[in-house]
Amino acid sequence: MAGLATTARVIPGAATTSFVLRRGFALELEDLQGGANAALLLLNPAEPTERLNVPDSLKAQHVARVTAGVALMSDMGRVMASVVEDTCGWHDPLCGHGRLSDLERVHGPSTYAAERNAVRRGAREELVLELAKHGLGVRDLAATVNLFSKVTVDEGGRMALHPGASAAGSRVVLRADMDVLVLLNTAPHPLDDGPWDPKPVALDVREVGVAGPDDPVRLACPENERAFAVTDRDHVA
């Protein structure tokens, strides 16, 4: 299992990375150029059958976007991570990760033989490859949150991506409320029909401590208070 990320670095556009983020540490992501997308998946590194459950997270908090104050919950009802800072204001939890077939519909075929390392890769296929580094597979892939992407839904149920919603320098900070295996992929959003132009994202990690009794994410709603109580109970010595 990969160790704790401890140094700042940059993920190029259309790249994938993974690492374990320990409870009480925070992951800061910055959209360096504007218009980035970073598909985020979280799993319990000790028991990977526990993973991010986006639908339950939204239902519990009565939200359809992720921003500061939102908790990302697991399918075991625990808080995996909390958004403690956000200058972007909107991260998409509705559309999940894109597939290679989606890219081919928009951009046409892409092969390694013709394009070498510039070959286009789908977020789903890249995340499955990254999971394999941890002894996991496609059955461990769950819905992701698309950081730095804004998607709205009209009265007819049609979803629309808002290009440019994330400006250069936009930042979001996620606090790990339990140990989490973080997977990130920076391919364009699945609704992005513009030119192929994946953007880089900078990462940094710092220690911030665990959520206290007056933590605003904990107190945001009764559902969050119960999820934090379950999470804290499992960390009592």
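Position 1 is the first residue of the sequence; numbering continues from there.
Across every non-hydrogen atom of Q61 and C221, the tightest pair is CG-SG, 4.1 Å. Here the closest heavy-atom approach between residue M80 and residue L43 is recorded as CE-C, 3.6 Å.
With sequence neighbours left out, the ring-ring contact (aromatic ring centres under 6.0 Å, His included) criterion links F148 to H91. Residues that satisfy the side-chain hydrogen bond (donor to acceptor under 3.5 Å, both in side chains) test with E50, not counting sequence neighbours, are N44, S74, R78. The side chain to side chain contact (heavy atoms under 4.5 Å, CB included) search around A15 returns I11, P12, T186, not counting sequence neighbours. With sequence neighbours excluded, the residues forming a side chain to side chain contact (heavy atoms under 4.5 Å, CB included) with A227 are M73, V79, listed by chain and number. Listed by chain and number, the residues in a side chain to side chain contact (heavy atoms under 4.5 Å, CB included) with N146 are N37, A39, D92, C95, T144, S149, H189, P190 (sequence neighbours excluded). With sequence neighbours excluded, the residues satisfying ring-ring contact (aromatic ring centres under 6.0 Å, His included) with H107 are W196. Residues satisfying the side chain to side chain contact (heavy atoms under 4.5 Å, CB included) test with R226, not counting sequence neighbours, are P222, E223.
Within a 6.0 Å radius of CZ in R23, other residues, nucleotides and ligands contribute more than 12 heavy atoms.
With hydrogens and angles disregarded, a donor-acceptor distance shorter than 3.5 Å links the side chain of N224 to the backbone of V217. Within the 3.5 Å criterion, the main-chain N or O of G212 finds a donor-acceptor partner in the side chain of R218. No donor-acceptor pair closer than 3.5 Å links the side chain of S57 to the backbone N or O of L72. Formation of a donor-acceptor pair under 3.5 Å by the R65 side chain with backbone atoms of G89 is found in this model. Using a distance-only test at 3.5 Å, with no hydrogens or angles considered, a donor-acceptor pair links the side chain of D140 to the main chain of G137.
A heavy-atom distance below 4.5 Å is found between the side chains of R175 and D215.
Applying the ring pair (Phe, Tyr, Trp, His ring centres under 6.0 Å) test to every pair with at least one member in residues 197-226, sequence neighbours left out, gives no pairs at all. Judged as a ring pair (Phe, Tyr, Trp, His ring centres under 6.0 Å), not a single pair has a partner in residues 52-83 (not counting sequence neighbours).
Hydrophobic cluster membership of V119, counting Ile, Leu, Val, Met, Phe, Trp and Tyr whose side-chain heavy atoms lie under 4.5 Å apart directly or via other members: Y112. Counting Ile, Leu, Val, Met, Phe, Trp and Tyr side chains that sit under 4.5 Å apart, directly or through other members, L219 stands alone, with no cluster partners. Other members of a hydrophobic cluster containing W90 are absent, since no ILVMFWY side chain comes under 4.5 Å of it, directly or through relayed contacts.
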Next on the checklist: What verdict does the side chain to side chain donor-acceptor pair (under 3.5 Å) test give for T16 and E130, after you've listed the backbone C-alpha separation in whole Å, the side-chain angles of each residue and the deciding distance to 0.1 Å?
Outcome noted: CA-CA 7 Å; T16 309; E130 197 69 22; 5.1 Å; no

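Under the 4.5 Å side-chain contact rule for hydrophobic residues, L129 and V138 do not share a cluster.
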